[in-house]
Amino acid sequence: MTLDLAEYARVMGGREVRRILLDAETIRRRVREMGVQITAAYPDGDLLVLGLLKGSFIFLGDLVRQISRPIQIDFLVAASYGNATVSSGEVRLLYDPATRLDGKHILLVEDIIDSGRTLNRMIEVLGQRNPLSLQLCALLHKHIAPDLKLEPKFLGFDAPREFLVGYGLDHAENFRHLPFIASLAE
Ligand code: IMP
Ligand code: MG
């Protein structure tokens with residue numbers, strides 16, 4: 001079953017998505033390329049893929065199935081947004097990965113880089129645990145983070161300075177299940 005944009009808006013209870021930015025097929029192709037890149041970038045060593053919840057859950061699920069080398073998977077939960085479309089500036093770590101990080105390649109997977117505050121905080125925390133290496137993989141990057149400590153080694157797409165939803169991205173916990181990425185009407 002495929003729903004078009006108008007049908008999705010109806011399913012969403014009348015909430016409007018303005019336009020589809022990246023359709024499911026475009027995302028699928030890019031994620032496959034990223035999986036190939038990641039596989040090639042880590043010829044050996046333990047690789048722990050750390051997903052930043054909740055936004056990265058769909059991206060991570062698709063991405064890891066395109067990585068053809070042994071990996072471990074764990075998650076981090078950080079909260080930087082309330083139910084608003086603007087960053088509150090506060091980043092809290094709500095769940096800490098149980099897996100050991102020392103001596104492993106860590107690949108931190110994020111849905112979208114906006115102000116960069118979430119990632120900067122996570123990079124600080126993870127860096128203290130003696131990983132063999134620490135790299136970022138982001139699906140989307142708005143390129144507005146003033147002082148990002150680490151640019152993503154693996155990036156899906158440049159993103160416009162708009163509020164985006166779908167493919168894991170939410171607005172007040174809505175829209176995460178959309179198979180495409182769309183911009184949200186004001
Ligand atoms: P940052 O700390 O400002 O970089 O924000 C990062 C987090 O805010 C992301 O992990 C997302 O969960 C959320 N976020 C940032 N921009 C958007 C957006 O356009 N749509 C939905 N969530 C966003
Ligand atoms: Mg979010």
Side-chain angles (χ1 to χ4, degrees), residues 5 8-9 11-13 15-24 26-27 30-31 34 38 48-64 73-97 106-128 134-186:
L5 197 53
Y8 264 113
V11 170
M12 291 297 114
R15 293 299 307 270
E16 260 189 74
V17 285
R18 187 158 41 197
R19 85 196 142 89
I20 295 180
L21 198 80
L22 299 165
D23 62 32
T26 305
I27 298 170
R30 185 68 188 123
V31 170
M34 294 173 84
I38 290 167
L48 174 62
V49 179
L50 265 185
L52 252 172
L53 290 179
K54 291 180 265 187
S56 74
F57 84 109
I58 291 180
F59 173 44
L60 184 113
D62 285 346
L63 181 70
V64 294
I73 301 170
D74 206 336
F75 295 95
L76 283 168
V77 184
S80 68
Y81 279 70
N83 287 342
T85 50
V86 286
S87 178
S88 64
E90 184 200 346
V91 180
R92 289 177 300 149
L93 189 57
L94 306 180
Y95 169 80
D96 207 326
I106 307 299
L107 184 61
L108 183 58
V109 178
E110 169 73 308
D111 53 354
I112 184 164
I113 306 175
D114 185 6
S115 75
R117 282 196 199 92
T118 310
L119 279 179
N120 278 348
R121 180 79 189 104
M122 295 308 121
I123 289 162
E124 246 172 58
V125 170
L126 299 176
Q128 287 163 2
L134 176 60
Q135 296 292 351
L136 300 181
C137 174
L139 180 65
L140 297 154
H141 194 343
K142 291 187 185 173
H143 297 286
I144 52 174
D147 51 7
L148 195 62
K149 287 182 203 285
L150 189 61
E151 282 298 326
K153 183 173 165 95
F154 309 98
L155 175 64
F157 305 94
D158 295 330
R161 298 174 183 197
E162 291 169 38
F163 198 80
L164 306 176
V165 295
Y167 200 70
L169 297 167
D170 75 306
H171 176 253
E173 300 305 329
N174 293 307
F175 306 108
R176 288 196 199 273
H177 67 301
L178 301 182
F180 51 76
I181 291 169
S183 70
L184 190 67
E186 300 301 318

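Quick caveat, the model's predicted, so the values are computed rather than measured. Positions are given from 1 along the sequence. Counting starts at 1 for both ligands and their atoms, in listed order.
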Would you be so kind as to tabulate the donor-acceptor pairs closer than 3.5 Å made by side chains of residues 48-58, with sequence neighbours excluded?
from : atom 1 : to   : atom 2 : distance (Å)
K54  : NZ     : E173 : OE1    : 3.0
K54  : NZ     : E173 : OE2    : 3.1
S56  : OG     : L52  : N      : 3.2
S56  : OG     : L52  : O      : 2.8

Distance-only donor-acceptor pairs under 3.5 Å for side chains of residues 143-155, two or more places apart:
from : atom 1 : to   : atom 2 : distance (Å)
H143 : NE2    : D158 : OD1    : 2.6
E151 : OE1    : H141 : NE2    : 3.0

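With hydrogens and angles disregarded, no donor-acceptor distance shorter than 3.5 Å links the side chain of R18 to the backbone of S183.
By the criterion of a heavy-atom distance under 4.0 Å, the backbone of E162, and not its side chain, is placed next to ligand 1. Contacts between V165 and ligand 1, counted as non-hydrogen atom pairs separated by less than 4.0 Å, are absent for every part of the residue.
Residue contacts with ligand 1: G55 is excluded, as none of its non-hydrogen atoms falls under 4.0 Å. Assignment of L52 to the shell around ligand 1 is not supported, since no heavy atom sits closer than 4.0 Å.
In summary, the atoms of ligand 1 found under 4.0 Å from a heavy atom of K142, numbered by their order in the structure, are 16 (N), 17 (C), 18 (C), 19 (O). For ligand 1, the atoms sitting less than 4.0 Å from at least one non-hydrogen atom of E110 are 6 (C), 9 (C), 10 (O), numbered in the order shown with element in parentheses. Of all atoms in ligand 1, numbered sequentially from 1 with element shown, those under 4.0 Å from a heavy atom of I112 are 6 (C), 9 (C), 10 (O), 11 (C), 14 (N), 15 (C), 16 (N), 17 (C), 19 (O), 23 (C).
Classification of the F163-H171 ring pair by plane angle, with boundaries at 30° and 60°, yields perpendicular.
To the nearest 0.5 Å, atoms CD1 (I112) and CG (L169) are separated by 5.5 Å. Of the inter-residue distances, the one linking L21 atom CG with F157 atom CZ reads 9.0 Å to the nearest 0.5 angstrom. With values rounded to the nearest 0.5 angstrom, I38 atom CD1 is found 4.5 Å from L63 atom CG.
Around atom 12 (O) of ligand 1, the closest heavy atom drawn from T118, L140, D111 belongs to D111.
Considering both main-chain and side-chain atoms, L164 comes within under 3.5 Å of ligand 1 through a nitrogen or oxygen pair.
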